[in-house]
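What follows is a set of notes on a single structure, which appears directly below.
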Amino acid sequence: MNFDLSEEQQVIADLAAQLFGDLATTERVKAAEQGDGIDRELWASIAEAGLLALSLPESAGGSGMGLVELCLVAQQIGRTVAPVPFTSTTVAAMTLAEHGVGTDLLPGVADGSVILASALAETGANDPLAPSVIATRSGDGAVRLVGEKPAVPALPLATAVLVPAMLDGATILALVDLSTATAGVEITPLKTTSRESQGHLTLDVDVPASHVIDDDAALEQLFLRSIAALSAVQLGVGEGSVAMAAEHVSNRQQFGRPLSAFQAVSQRAADAYIFNEAIRSTVYNAAWQLENEPGDKARADTLAAAYWSSEGTEKVVLAAQHLHGGVGADIEYPVHRYFQWGMQNATALGTATSHLVRLGDQLATR
Amino acid sequence: MNFDLSEEQQVIADLAAQLFGDLATTERVKAAEQGDGIDRELWASIAEAGLLALSLPESAGGSGMGLVELCLVAQQIGRTVAPVPFTSTTVAAMTLAEHGVGTDLLPGVADGSVILASALAETGANDPLAPSVIATRSGDGAVRLVGEKPAVPALPLATAVLVPAMLDGATILALVDLSTATAGVEITPLKTTSRESQGHLTLDVDVPASHVIDDDAALEQLFLRSIAALSAVQLGVGEGSVAMAAEHVSNRQQFGRPLSAFQAVSQRAADAYIFNEAIRSTVYNAAWQLENEPGDKARADTLAAAYWSSEGTEKVVLAAQHLHGGVGADIEYPVHRYFQWGMQNATALGTATSHLVRLGDQLATR
Amino acid sequence: MDISDTPEEAAFRAEARAWLDEHATPRGQSTEEPDLGDHVQRARDWQRTLHEHGWAGLSWPEEFGGRGLPGAFATVFAEEMAGFEETTGSLTVSLGMVAPTLMAHGTPEQQEHIAKMLRGEELWCQLFSEPGAGSDLATLGTRAERDGDVWVVNGQKVWTSLAQFADYGILLARTDPDLPKHTGISYFIVDMNDPGIEIRPLVQMTGQAHFNETFLTDVRIPAENMVGGVGEGWSVARTTLTSERSSIAGGNSGWSVETLIEEARARGRCDDPVVRQQLAAAHCRAEVLKVMGYRIRTATSQGRFPGPEALAMKLGYARHWVASTETAMELLGADATMYDQSEPWQYAFLNQFAIRLGGGTDEVQQNIIGELGLGLPREPSADRGVPWKDLPR
Amino acid sequence: MDISDTPEEAAFRAEARAWLDEHATPRGQSTEEPDLGDHVQRARDWQRTLHEHGWAGLSWPEEFGGRGLPGAFATVFAEEMAGFEETTGSLTVSLGMVAPTLMAHGTPEQQEHIAKMLRGEELWCQLFSEPGAGSDLATLGTRAERDGDVWVVNGQKVWTSLAQFADYGILLARTDPDLPKHTGISYFIVDMNDPGIEIRPLVQMTGQAHFNETFLTDVRIPAENMVGGVGEGWSVARTTLTSERSSIAGGNSGWSVETLIEEARARGRCDDPVVRQQLAAAHCRAEVLKVMGYRIRTATSQGRFPGPEALAMKLGYARHWVASTETAMELLGADATMYDQSEPWQYAFLNQFAIRLGGGTDEVQQNIIGELGLGLPREPSADRGVPWKDLPR
C-alpha cells in the first residue's frame with residue numbers, strides 16, 4: 001500500500017501544474033469566456049506536452065496510463081479554471097479505445113485535433129444511468145437514435161459525441177459523428193453559469209454498427225469515470241478558491257487585525273481546507289479503484305468521491321466567495337470563477353443528494 | 001393582529017415561571033430522578049395554583065382557556081426540567097372534555113389526583129398516525145384492544161391512558177382505565193435517557209362504549225396538540241440550556257479572556273439563541289392556530305413547530321453541552337439534563353426528519 | 001395573543017387587495033426584464049402610482065406625506081403585494097433607509113426630500129462602504145474638509161447600489177482624523193450630479209451591475225447638507241443601518257416557497273421523498289420568518305422597539321435564501337447550470353451574496369446577536385480610543 | 001500510487017486473520033458488559049494474549065519489545081481487529097500516549113515501563129487537565145516544589161480517564177511560577193498508589209464513571225521520575241498530545257457504518273429513501289476517514305511525518321461519530337430514548353462528548369488546521385511572555 005504518487009505520476013502532476021499555471025492566466029481565461037469557451041492555444045500546448053495522450057493505449061499512440069494520471073491533469077485544470085474540454089475528450093477516448101469503436105479518432109485526440117463529448121446529462125431528475133434517448137435496430141447492427149440530451153459539455157466544439165441510449169431494455173453507447181453537418185443531428189449552443197461550452201443535442205439519426213458499443217456495462221463505466229474526473233476538477237477548484245481566500249483573509253485588515261485573526265473567518269477557512277482533503281482522499285482512491293479493482297466497491301467509492309466533490313466543493317467555493325466579502329462581488333476579481341465552476345460541476349452529473357441516493361440504494365440492497 | 005400575550009396569559013406565564021423557578025430546584029429534580037420520576041410535592045403545588053385546570057372547560061371546574069395557556073406552563077417545565085407529567089395529563093384531558101368521554105376523571109385532573117397518559121409512540125418508524133393496536137367490535141359499541149405501545153410517557157403513574165387503535169380501517173381513541181389492576185393490561189416501566197417516567201403497554205382488553213372516541217379526526221388532533229405542547233417544553237429546554245451556557249462562557253476564562261470573547265464560542269451561542277427564537281415563534285403560532293383556526297394550515301404550522309423544536313432544540317442543547325466543555329461531562333453539573341430532555345423530546349413523537357416528511361407529503365399533494 | 005386581523009385590518013386588507021387586483025400584475029404573469037435600468041424605472045413608476053392612489057407611506061407620519069396608520073397596516077399591504085409582480089425594491093435605500101434617517105435627524109429643509117421620495121421622484125444611494133472599510137465601516141477614510149460654507153470631499157466609495165441611477169446620496173466622510181474612528185465622522189447629503197462624482201459600475205455574477213465604485217474628487221457639499229452635527233455621523237448612520245437590516249429581510253425576493261413547490265411539481269419531482277423533505281424544510285424556514293414578522297409588527301404596533309430577536313431576521317432571511325435557492329438548483333437538474341440573466345432561480349442563486357453581505361455580513365449579525373440577545377461580553381477591541389490617523393492600515 | 005497490500009502485507013493480513021479467527025470473538029457475538037472494571041480487565045487480558053502470541057507492539061522498535069515492523073503492518077492488524085469484539089481501548093493512554101512519549105523522551109530506567117505496558121501489566125492515566133485549565137492547558141496551576149531528591153506536588157486534576165484503575169500517571173506540574181506559562185512546566189511519572197492521591201469518579205450521562213477528579217496532596221515524586229528536564233514539560237507533553245489525537249481517531253468505536261446499516265435492515269427501515277440517504281452519508285464520512293488513514297499510513301511508512309491534513313482526522317472522526325449516532329437515534333424510533341447503559345447506540349450517542357473533547361476541542365483543532373494547513377496568522381495572544389503568576393484568573 002502506497003498512496004503517494006509514483007515518480008512518473010509526480011512528473012505529470014508537476015508538468016500540468018506548471019503548464020496551466022503559466023498559460024491559463026486570468027487574461028486568457030477571460031478571452032476564452034468571451035469567445036467560444038475554449039482556449040485553443042492552451043489546448044494545443046496540452047497536446048504538445050503529451051497530456052491528451054496520457055491515458056490512451058500505446059497502440060493508439062498514447063502513454064498507456066490510466067484514470068489516476070488523467071485526474072492529476074484534471075485537478076490542475078480546476079485549480080486554474082482553465083477553459084479546455086480535457087475531461088470530456090479524454091474520458092470518452094478511454095471508452096472508445098477500450099471498446100475498439102471510433103479508434104480512428106484517437107490519433108486526433110492525442111494531437112489535439114479531435115474534441116470528444118459525452119452526452120450524459122438527462123432532463124428531469126438528471127439520472128445519467130436512465131437514458132431517455134431511444135435506439136431501435138435498423139439492420140446490420142446499425143441503430144436509429146431518437147431523443148434529446150441537455151447540457152452536453154463541449155458539444156459545440158466536438159468532432160463526435162458518445163450518446164447513451166436504451167436499446168431493447170438495455171443501455172448502449174452510440175458514437176455520433178459531428179465532423180460534417182448531418183441531417184437529424186441538431187446542436188444548440190447553451191449559455192452556462194460557468195461559461196463552459198455546452199450544447200443541447202437533438203437526435204433523429206442512424207448510427208452504423210461500427211459506432212455502437214452494445215454493452216450494457218459501458219454506460220455505467222463511462223459515468224463513473226466521468227464523475228471521477230469531474231471530481232478531480234472539483235478538487236482543483238476547491239484548492240484554487242481556498243488558496244485565494246486564505247491569501248485575502250490573511251492580508252485584509254478590519255478592526256485592526258487581519259480577517260483571519262477572527263475565529264469566524266479562520267474556522268470557516270479551516271473547514272474548507274478539511275473538505276478539500278476529504279475530496280483529495282476520496283477522488284484519488286476512486287480513480288485508483290476504478291482503474292485497478294473495478295466492481296461494487298469501486299462504484300461505491302466513486303459515488304462517495306462524487307458526493308464529497310459536489311457537497312464539499314459547493315461548501316468550499318461558497319466559503320471562499322463569502323470570505324472575500326464585497327471584494328469578490330465584482331467579476332473583475334477572479335475568485336467568482338471558482339464559485340461558478342464549483343457550483344456548475346456540483347450539479348452537472350447529479351447533485352450531492354442524487355449521488356447519496358444512488359449510493360444508499362446500493363448499500364441498502366446489497 | 002397582536003402576538004403579545006394578553007394580560008391574563010402574562011399572569012399565567014409569570015406564575016408558572018415563579019412556581020417552577022422556586023420549586024423545581026436541582027435537588028428536588030435529582031430526588032425525583034432517583035425515585036419514580038415525579039415530584040409529587042411540585043405536582044400538588046401546580047394543582048393548587050390552578051395550572052392543571054387552566055385548559056379544562058368551566059363545566060368541569062376548569063378555567064376554560066386553551067392550548068396557548070397550556071404551552072406557557074409547558075415552557076416553564078422545560079426551562080426548569082421539572083419532573084411532572086403536565087403535558088401528558090392536560091393534553092389528554094382536553095381530548096376527554098371535548099369528546100365527553102371519561103369526564104368523571106376531569107375534577108381529579110384539576111386537583112392533581114388523576115394523571116393521564118396518551119400512548120402515541122409506535123414501534124418501527126414511530127408514526128403515531130398509523131396505530132398498530134387493533135380494535136374489534138365486541139358488541140354495544142364496546143371494543144376489544146389487542147397490541148402493544150412502546151414508550152408511553154407517565155404510564156406507570158397514570159390513572160388512565162388514551163390508546164389510539166385501528167377499528168374497521170379508521171382510527172379511534174380508547175380510554176383504558178389503569179386505576180385498578182385489570183387482566184389484559186400489562187405495564188412495564190422503562191428506563192429512559194431523560195429519567196422521565198415511561199412505560200411499555202401490552203393490551204388484550206375490552207373497553208366499554210362509553211370510553212371509546214369513535215372519531216377518525218380525534219387521533220390527529222391529539223397528536224398535533226401533543227407535539228405543540230412538547231414543542232413548548234422544548235422551547236423552555238432550549239432557553240434553560242442557553243442561559244446556562246451563556247453564563248458559563250461569559251465567566252470561564254481561557255487564554256486570558258472569557259470564552260465568549262472567542263467567536264467560535266460566541267457565534268455558536270448566537271446560533272442557539274436564533275434557534276430558540278425560531279422555536280418560540282413557531283410554537284406559539286401553532287398553538288394559537290390549532291386552538292383558533294384548526295385545519296390544514298394549522299396542521300402545517302404545527303409540523304413546522306415540531307420540526308424546529310426537534311431539529312433546533314437538538315442543536316441548541318448540543319451546543320450548550322459542548323460549550324460547557326469538560327465541566328458539563330460530570331452529571332453533578334445540571335446542564336446535562338437539558339441535553340437529555342432536549343434529545344429525548346426531539347425523538348419522542350417523531351424526529352425532525354419525520355416531521356419534515358409528513359409536512360412534505362402535505363405540501364406536495366395539496 | 002391574537003394572530004388574526006382586527007376588523008380594521010381585515011377591512012384594509014380587502015380594500016388593498018381589491019385595488020391591487022385592479023392595478024397590479026399577478027405573479028408569474030410577466031417575464032422579468034433583465035435590464036436593470038428598466039427595472040429601476042418601473043419601480044419609480046409603481047411608487048408614483050401607489051402615491052397617487054394613497055398607498056404610499058402608509059405608516060409614515062402625516063407631516064411627511066404619509067397616512068399615519070399603525071405599522072400593522074403597512075405589513076398587511078406588504079403581505080398582499082407579495083402576490084404581485086410589482087416591486088419598489090430599487091427604492092429601498094430611499095424609502096427604507098434615507099427617509100427614516102431624515103425623519104429622525106434631518107433639518108426641515110432636508111426633510112423636504114421625503115415627499116419626493118414618496119412620489120418616486122427621487123432615487124437615493126448610500127455612500128458608506130469603502131475598499132478598506134467593509135465590516136469595519138468606522139475606519140472609513142473619505143475626507144471632508146471645511147472651506148467656508150461648503151465641505152470639500154475626496155475619497156472612494158464602493159458597493160454603492162444603483163449609484164448610476166441615483167439623484168442623491170447619503171455620504172459618510174471623515175471630518176476630523178485626530179479623533180478616534182467613530183467620533184470623527186459626519187453625515188452628508190450629496191447631489192449625485194456633482195461634477196466631482198465619477199461612477200464605475202461593477203458587474204456581478206448575475207451579469208447585472210447592481211453595485212458601483214464611486215470616486216469623489218473635490219465634491220463640494222453645502223454646509224446645510226450635513227445631517228446631524230459635525231462628528232455625529234456615526235450615530236446618524238446607526239439609524240440608517242438599522243433600517244437597512246429590516247429592509248433587506250422585508251424585501252420582495254422574487255421567489256417564494258410556493259413558487260419552489262410549483263417548480264418541483266412542474267418538473268415532476270414532487271413524488272420524490274427526498275425532494276419533499278427539502279420543500280418542507282424551506283416551508284419551515286419561511287414560517288419562522290413570517291411569524292417573526294408578526295412579532296416585530298406587534299412590537300411596532302405597541303410602540304415598542306423590536307427586541308434583539310429581530311436581529312435574527314436578516315440572518316434567517318439570508319440563510320433561507322441560500323438554502324432554498326440550493327434546493328431550486330437541485331430541482332432544476334441539468335438546467336441548473338443554464339444562465340443568461342433571465343432564469344429567476346439561477347439569478348436568485350447567484351444573487352445570494354448581495355443578500356448575505358448587504359446590511360452587514362452574517363458574522364457581524366451573529367456578533368451583535370450574541371451581545372444583545374445573550375449578553376455575552378464583546379470581543380476585545382484593539383483600536384478603542386486610538387486617533388483614526390494612527391490606526392494601522 | 002498503489003492502494004492494495006504488498007505481497008508481504010497480504011501475507012501478514014492472512015496470518016493475522018487466521019490467528020484472530022482462532023483467538024478472538026467476532027463482532028456482535030458478545031453483549032457488551034456495562035461494568036467499566038470488567039471492561040478494563042478484559043483489555044489488559046487481551047493485551048497479554050496479543051503479547052504472548054507476538055501481536056503486540058508490531059511497529060515498535062525491537063529495543064522496546066516491539067517487532068520493528070513498518071507502520072503499515074500495525075494498520076493491517078488494526079483493520080483485521082475491527083471485525084472482532086476485543087479491544088485494548090482502555091490501554092490507549094498507556095500504549096498510544098505514554099509509550100511513544102517515553103520512547104522519545106524517557107531515561108533508560110523510565111523506558112523499562114514500556115515492556116510492562118506491552119504485556120498489559122501496567123495501566124496508565126494522564127494527569128494534565130485542571131478545572132481552570134482545559135483548552136488553555138498551559139495555564140495549569142498544580143505545583144511541584146523541589147525538596148532534596150523529591151518533588152512535592154499539590155493540586156487538582158480533572159477528566160482523568162480511568163484514574164481509578166491506573167497503576168501510574170503522567171503528570172504536568174508547574175515547577176516555576178515566575179516563568180511564562182509554557183516554560184515553567186515539568187513532566188513527571190507518578191505512582192497512582194501514592195497516599196497523597198485521592199480519586200473521585202465523575203459519572204457521565206452514559207452512567208459510567210470514565211472520568212475522575214484527582215486530588216494531589218503532598219505527593220512525593222522522586223526526582224528521577226521527571227521526564228525531560230526541568231521546565232521542558234510542555235515540549236514533552238506535545239509528543240503525548242499529538243499521540244492522543246491520532247489515538248482517538250484510530251480508536252475502536254464499537255460501531256461502524258456496517259452495523260448502522262444492519263440496524264436499519266433489522267428494523268425494516270432500509271426501504272425508506274430518506275434513511276438510505278442518511279446511511280449513504282455515513283458511508284461517505286467513513287470513506288474519508290479510511291482513505292485519510294491510507295495517506296497517514298503511507299507517510300509513516302515512507303518515514304515522513306503526516307502533513308497537516310492528518311489533523312483533520314480527529315475532527316472528522318468526532319463529526320462522523322455525532323452525525324452517525326444521530327442517524328442511529330432516527331432509526332431507533334421510539335426506542336431511541338430507552339437507556340440503561342447496555343444499548344450500544346444510545347451509549348455511543350451519549351458518549352459523543354468524550355470524543356469531541358478528548359485530545360482538544362473541535363474548535364482548538366480547527367484553529368491548528370487554519371494555522372498549519374492554510375498558513376493563517378494566529379489569533380493575537382494576550383498572555384505572551386507574561387509570568388504565569390501574573391496571569392489574570
Side-chain angles (χ1 to χ4, degrees), chain A residues 1-6 9 68 242-243 245-247 249-250 257-263 265-274 276-282 284-289 292-293 300-301 303-305 307-308 311-312 352-353 355-366, chain D residues 1-6 9 72 75-76 257 261 264-265 269-273 275-292 294-299 301-302 304 307-312 315-316 363 365-371 373-380:
Chain A
M1 126 82 61
N2 189 341
F3 205 82
D4 285 347
L5 297 181
S6 69
Q9 288 166 334
V68 171
V242 167
E247 166 132 11
V249 300
S250 297
R257 38 179 165 136
L259 283 183
S260 62
F262 295 92
Q263 286 189 344
V265 169
S266 62
Q267 301 220 332
R268 188 145 185 209
D271 274 344
Y273 173 87
I274 293 170
N276 279 346
E277 292 311 315
I279 299 162
R280 189 188 320 282
S281 301
T282 51
Y284 282 103
N285 173 62
W288 188 90
Q289 301 281 355
N292 295 283
E293 298 181 357
D301 285 4
L303 291 171
Y307 165 73
W308 284 110
E311 175 79 8
T353 305
H355 297 311
L356 274 193
V357 168
R358 200 184 294 284
L359 176 58
D361 292 347
Q362 178 175 339
L363 296 174
T365 52
R366 80 177 168 202
Chain D
M1 184 170 171
D2 184 353
I3 299 180
S4 54
D5 285 339
T6 61
E9 289 162 358
T75 311
V76 167
V257 176
I261 295 171
R265 188 167 290 128
R269 303 293 302 281
C270 261
D271 291 336
D272 180 338
V275 168
R276 287 189 179 188
Q277 189 191 8
Q278 292 178 354
L279 297 176
H283 179 88
C284 289
R285 291 188 299 267
E287 190 69 15
V288 171
L289 295 172
K290 192 182 73 184
V291 184
M292 287 293 295
Y294 294 166
R295 291 171 64 181
I296 291 169
R297 177 176 153 191
T298 298
S301 300
Q302 305 292 316
R304 295 196 311 271
E309 70 275 11
L311 294 166
L315 192 56
E363 289 76 16
Q365 295 298 114
Q366 280 173 291
N367 287 344
I368 299 174
I369 289 167
E371 284 168 31
L374 293 170
L376 302 182
R378 281 192 179 213
E379 265 195 296

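Letters A, B, ... are given to chains in the order of the sequence lines, protein chains preceding strands, and every chain is numbered from 1. All values reported here derive from a predicted model rather than from experimental measurement.
- Without hydrogens or angle criteria, D:Glu287 side chain to A:Thr282 main chain gives no donor-acceptor distance under 3.5 Å.
- Counting heavy-atom pairs closer than 4.5 Å to chain D, the top-ranked of the candidates A:Ser266, A:Ala270, A:Ala243, A:Ser6 is A:Ala270.
- Looking at A:Gln267, the atoms closer than 4.5 Å to chain D (heavy atoms on both sides) sit in the backbone and in the side chain alike.
- Residue A:Asp271 holds its CG atom at 8.0 Å from CD1 of D:Ile369, rounded to the nearest 0.5 Å.
- Interface remark: A:Val249 contributes side-chain atoms only to the contact with chain D (heavy atom separation under 4.5 Å).
- Taking CE from A:Met1 and CZ from D:Arg297, the interatomic distance works out to 4.5 Å, rounded to the nearest 0.5 Å.
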Given the rule in the side chain to side chain contact (heavy atoms under 4.5 Å, CB included) test, do A:Phe3 and D:Val291 qualify, once you have shown the distances and angles that lead to the verdict? CA-CA 9 Å; A:Phe3 205 82; D:Val291 184; 3.6 Å; yes
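- In this structure, the portions of A:Asp301 lying under 4.5 Å from any heavy atom of chain D include both its backbone and its side chain.
- Contacts of D:Arg269 with chain A are absent, with no heavy-atom separation under 4.5 Å from either backbone or side chain.
- Each of D:Arg276, D:Gln277, D:His283 was scored for a side-chain contact (heavy atoms from CB on, under 4.5 Å) with A:Leu359, with one residue passing: D:His283.
- The most heavy-atom pairs under 4.5 Å with chain D, out of A:Tyr284, A:Tyr307, A:Trp308, come from A:Trp308.
- Not a single donor-acceptor pair under 3.5 Å links the side chain of A:Glu277 to the backbone N or O of D:Ala312.
- Atom CD of D:Gln366 and atom CD1 of A:Ile274 lie 6.0 Å apart (nearest 0.5 Å).
- Side chains of A:Leu356 and D:Cys284 form a contact here, defined as non-hydrogen atoms less than 4.5 Å apart.
- The candidate with the highest count of non-hydrogen atom pairs below 4.5 Å against chain D, out of A:Ala278, A:Ala245, A:Ala272, is A:Ala278.
- Atom-to-atom distance recorded for A:Asp4:CG and D:Asp2:CG is 11.5 Å, nearest 0.5 angstrom.
- For chain A, the nearby parts of D:Ala281 are the backbone and the side chain; heavy atoms of each come within less than 4.5 Å.
- Annotation for D:Pro308 and A:Tyr273: closest pair CG-OH, 3.5 Å, computed over non-hydrogen atoms.
- Residue contact with chain D, scored on non-hydrogen atoms closer than 4.5 Å, involves the side chain of A:Gln289 exclusively.
- With a threshold of 4.5 angstrom between heavy atoms, A:Glu311 does not approach chain D through any atom at all.
- Residue D:Leu289 does not touch chain A at all, counting heavy-atom pairs closer than 4.5 Å.
- Neither the backbone nor the side chain of D:Gln278 comes within less than 4.5 Å of any heavy atom of chain A.
- Options A:Arg257, A:Gln263, A:Glu247 differ in how many heavy-atom pairs under 4.5 Å they form with chain D, and the most are formed by A:Gln263.
- Applying the side chain to side chain contact (heavy atoms under 4.5 Å, CB included) rule to A:Pro258 yields the partners A:Gln253, A:Ser260, A:Ala261, D:Pro377; only residues at least two apart in sequence or on another chain are considered.
- Distance check: D:Cys270 SG to A:Leu363 CG gives 9.0 Å after rounding to the nearest 0.5 Å.
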